[in-house]
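So you know, we letter chains A, B, ... as the sequences are listed, proteins then strands, and number each from 1. Values reported hereafter were calculated over all heavy atoms of this structure, with side chains retained and with hydrogens, waters and symmetry mates removed.
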Amino acid sequence: MSDPFYITTPIYYVNDVPHIGHAYTTVAADAAARYRRMMGSAVFFLTGTDEHGQKVEKSAAQQGVSPKALADRVVTRFQKLWKVLNISHDDFIRTTEARHQEAVQTLWRTVAAKGDIYLGEYEDWYCTPCETFLTALQLQEGKCPDCGREPEQLKEESYFFRMSRYEERLLAHLEAHPEFIQPESRRNEIIQFVRGGLKDLSISRTTFSWGIPVPGNDRHVIYVWFDALTNYLSALGYPDRTEHFGTFWPADVHVIGKDILRFHTVYWPTFLMAADLPLPRQVFSHGWWTVDGEKMSKSKGNVVDPGEMVQRYGADPFRYFLLREVPFGLDGDFSEKAMVGRFNADLANDLGNLFSRVTTMLGKYCDGTVPRTDTSGQLSAQVERAVQRVDEEMARLAFHKALQEIWALINGINRHVDQTAPWALARQASRRTELDRVMAELMEALRVVTLLISPFMPQTAAEAASVLGLEAGWSTRAGLQWGTSLASAKIAKAKPLFPRIEADERPRPAPKQPNAAGAKQVAQINLQEFQRLDLRTGVIREAEAVAKSERLLKLRVDLGEAGRRQVVAGIAAVYRPSDLIGKSVVVLCNLKPAKLMGIESQGMVLAVEGDDGLSLLGLDRPVPPGRKIH
RNA sequence: GGCGGUGUAGCUCAGUCGGUCAGAGCAUACGGCUCAUAUCCGUAGAGUCGCUGGUUCGAGUCCAGCCACCGCCA
């Protein structure tokens, strides 16, 4: 396949809880990747997680697990979200993988061999009461910006990258390639910044150890950006000049949020220059989302959970909203009111209803069979124009414009229905030919619309394709051409693709979200009923993985006087067997035994679903095994 | 403080080289149709184009100053 297209999202910090911003970047990159695949490009779409650093190390220590175990557990938050959002990435890179570590160390050695890495001293400040590290820039009149107290100065040995050496080359590149940074306003900011002069960059730390060791000096770990940015190379198989690497590097576009613009447009290109590697063709920085007009923040509690939005509105409507509501590159505002507005006006009324009315008429007037007739005419010209314009907008990653064009077409098709009034034609037998032609044209228009929306709303497009009886492989560049490929197809009336959301039923209940109201609806029980549960404390003595199961662990639990029992638990995604030995847990002992994967389980270990996976119920003071819980 | 951006109908915003550019979508009102998810199609609003000057035969569209908000840097 020719015409390679390599697109990336940033790697997300694994310890973060995914929010609308993560979803936005990833959905946008996904739509671009899907579009290019439809157009016949060989696409490589990469996302992943950044798993090193002090924060992960600290969280892991607090939870008493290894940093890697913590990362293994929380990485699933991203992986699960991408699944429900139908993200079509070709690879998922984690910075803790061996392939990445090798790539980073090789890059380091290459740059060092060039004489661009030297050992120096890095100064920063530490505010002991706040337990935070501060840079000289963050200080306010020499004081901690948070508490106003005097921080302590720390000096630390550090390796530096000679970024200053690349100032002129970078500036020349920025000026010669106006498309390198998009949107343009961001490009201007970076040019200003680079003109202000580039300093050498500290790229190692000795104050924590959770990272990739500096080659030849194990006391240092490679600091965040030198490690993280390299993911774009390591996923392609760098340093081995594999076919993949040869095909896809340099990247066509790094899609990022504006918070990490400088790292991608100053640090990254200079690293690559030092390694004599070609620079990515474009870095596209999109905007931030506010929520109901306010900045998102944990303290305000207004952080939008993408998973919840998907549950409430569906993956496709949420994807559609993100890409349609705001020009890509500018800030935008999310509100459920706007979400519902888009859903009803654009998806239910315009698109969904169009499918509904046209397929109904086909059933009524043509017996559900697409007439075989000439379809060249007004509509074909409109469709061809729309396909052309969508292509132009997608080339610029102007998703909202592309969607505007698609909806202009949908409106045009709705207008065509009114103007040709098939229901009037159907009353006059003499106009049969005319009616057949109109219906065939309308169906063909629906087919092309299905292809056009598929990068944005893959599930809906698949559903529509099945209504139209399209065969596998329908989503191709050739398919975008107006033709007669539906002729003689037998088609049933479409079910509403997007049932309207009525004002009073909004927001729809989120079925799996536990909340106070949900808890109250559970029937009450009396004490006797509770006492039927034989809940006891237990201590895990043995634990091993169950062959061929990703979820199950076989445990041997000590129940004191009641002896030991074998219990199979679905906790392997979160707990390693070795972490469990000696752990106190709560066991339901009189659960009817059951066989899981052929292994008998004589009870149940209690656990609860947290935001980042299961958590076993424990005791907050030591209690001997076998005690009854009441 | 330095550099840059934005300020156009109730809301969100288009307006490329100065002269049908005073516009689109949503919302609202009225009309039409009945195939359709009470959906669709059509029509309407009069908004000092932030303020004040200036250039020009003519300025949202260029220039200067001011006000407000935002971004990057310090």
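- Pair assignment for B:rG71 gives B:rC3, based on Watson-Crick or G-U wobble hydrogen-bonding distances that are each under 3.5 Å.
- Comparing the P positions of B:rU12 and B:rC30 gives a spacing of 26 Å, expressed to the nearest Å.
- Contact annotation for A:K495: no contact, since no heavy-atom pair falls under 4.0 Å across all strands.
- In this structure, the nucleotide among B:rC40, B:rC3, B:rC72 sitting nearest to the side chain of A:Q192 is B:rC3.
- OP1 or OP2 of B:rU39 has at least one side-chain nitrogen or oxygen of A:R500 nearer than 4.0 Å.
- Nucleotide B:rG71 holds its P atom 10 Å from the CD atom of A:E189, rounded to whole Å.
- As rounded to whole Å, 8 Å separates atom P of B:rU39 from atom CG of A:N344.
- Distance CG (A:D346) to C1' (B:rA27): 14 Å, rounded to an integer number of Å.
- Distance check on atom C1': B:rG7 versus B:rG45 gives 23 Å, rounded to whole Å.
- Rounding to whole angstrom units, CG of residue A:L330 and P of B:rU12 are separated by 14 Å.
- One can place CG of A:N188 at 17 Å from P of B:rG71, the figure rounded to the nearest angstrom.
- Note on A:R427: only backbone sugar-phosphate atoms sit closer than 4.0 angstrom, heavy atoms only; bases stay farther off.
- Nucleotide B:rG4 holds its P atom 15 Å from the CZ atom of A:R187, rounded to whole Å.
- Pairing partner, B:rA9: none, since no Watson-Crick or wobble contact has both distances short of 3.5 Å.
- Residue-level contact check: A:D331 touches neither bases nor backbone, having no heavy atom under 4.0 Å from any strand.
- Here B:rA29 sits opposite B:rU43 as a Watson-Crick or G-U wobble pair (both hydrogen-bonding atom distances under 3.5 Å).
- For the pair A:R312 and A:F318, the NZ or CZ position fails the cation-pi test of under 6.0 Å to the six-membered ring centre and within 45 degrees of the ring normal.
- Here B:rG58 sits opposite no nucleotide as a Watson-Crick or G-U wobble pair (both hydrogen-bonding atom distances under 3.5 Å).
- Summarising the geometry, the separation between CG on A:N414 and P on B:rG32 is reported as 20 Å, rounded to the nearest angstrom.
- Across all strands shown, B:rU20 forms no Watson-Crick or G-U wobble pair with both key distances under 3.5 Å.
- If you take atom C1' in B:rC26 and the same atom in B:rC69, they sit 24 Å apart, rounded to whole Å.
- A 4.5 Å side-chain heavy-atom check between A:P458 and A:R319 finds at least one atom pair inside the cut-off.
- The A:D418 side chain lies nearest to B:rC35 when the options are B:rC35, B:rU37, B:rG42.
- Contacts of A:L497 with the nucleic acid, taken as non-hydrogen atoms under 4.0 Å apart, include base atoms.
- A distance of about 8 Å separates the C1' atoms of B:rC49 and B:rA22, rounded to the whole Å.
- Cation-pi geometry between A:R262 and A:F193 is met: under 6.0 angstrom from the ring centre, within 45 degrees of the axis.
- Taking atom P in both B:rA24 and B:rA46, the straight-line distance is 15 Å, to the nearest Å.
- Atom NZ in A:K337 sits about 16 Å away from atom P in B:rG10, given to the nearest Å.
- For A:F263 and A:F271, the ring centers sit 6.0 Å or farther from each other.
- If you check every strand for non-hydrogen atoms under 4.0 Å, A:K493 touches sugar and phosphate atoms only.
- If you take atom C1' in B:rA59 and the same atom in B:rU55, they sit 10 Å apart, rounded to whole Å.
- When Watson-Crick and G-U wobble pairs are counted only if both distances are under 3.5 Å, B:rU37 pairs with no nucleotide at all.
- Classification of A:K401 and A:E392 as a salt-bridged pair fails, no side-chain N sitting under 4.0 Å from a carboxylate O.
- RNA chain B is contacted by both A:M361 and A:R262; A:M361 maps to the nucleotide lying nearer its 5′ end (nearest heavy atom per residue).
- Nearest-nucleotide assignment on RNA chain B puts the 5′-proximal partner with A:E325, out of A:P496 and A:E325.
- Between A:R281 and A:E179, none of the side-chain N atoms (NZ, or NE/NH1/NH2) sits under 4.0 Å from a carboxylate O, so this pair counts as no salt bridge.
- With a glycosidic angle further than 90° from 0, B:rG18 counts as anti.
- In terms of phosphate contacts, A:R415 brings a side-chain nitrogen or oxygen within less than 4.0 Å of OP1 or OP2 of B:rG42.
- The ring of A:W407 has its center closer than 6.0 angstrom to the ring center of A:Y320.
- For A:F498, counting side-chain heavy atoms from C-beta on, the closest listed nucleotide (B:rC40, B:rU37, B:rU34) is B:rU37.
- Note: A:F399 and A:F456 have perpendicular aromatic rings, judged against thresholds of 30 and 60 degrees for the angle between ring planes.
- Aromatic ring centres of A:F334 and A:F321 lie closer together than 6.0 Å.
- Atom name C1', nucleotides B:rU61 and B:rA14: the rounded distance is 13 Å, in whole Å.
- Here B:rA64 sits opposite B:rU52 as a Watson-Crick or G-U wobble pair (both hydrogen-bonding atom distances under 3.5 Å).
- Note on A:G196: nothing from the nucleic acid sits closer than 4.0 angstrom, heavy atoms only.
- Rounded to a whole angstrom, the distance from the P atom of B:rU20 to that of B:rG65 is 29 Å.
- Comparing B:rC73, B:rG71, B:rC40 by their nearest atom to the side chain of A:F193 picks out B:rC73.
- Note on A:D333: nothing from the nucleic acid sits closer than 4.0 angstrom, heavy atoms only.
- Taking 4.0 angstrom as the limit, A:K258 places none of its side-chain polar atoms (N or O) nearer than this to OP1 or OP2 of B:rC70.
- At a threshold of 4.0 angstrom between heavy atoms, the contacts of A:T360 are confined to the sugar-phosphate backbone, with no base atom among them.
- Judged by Watson-Crick or G-U wobble contacts below 3.5 Å, the nucleotide B:rA14 has no partner.
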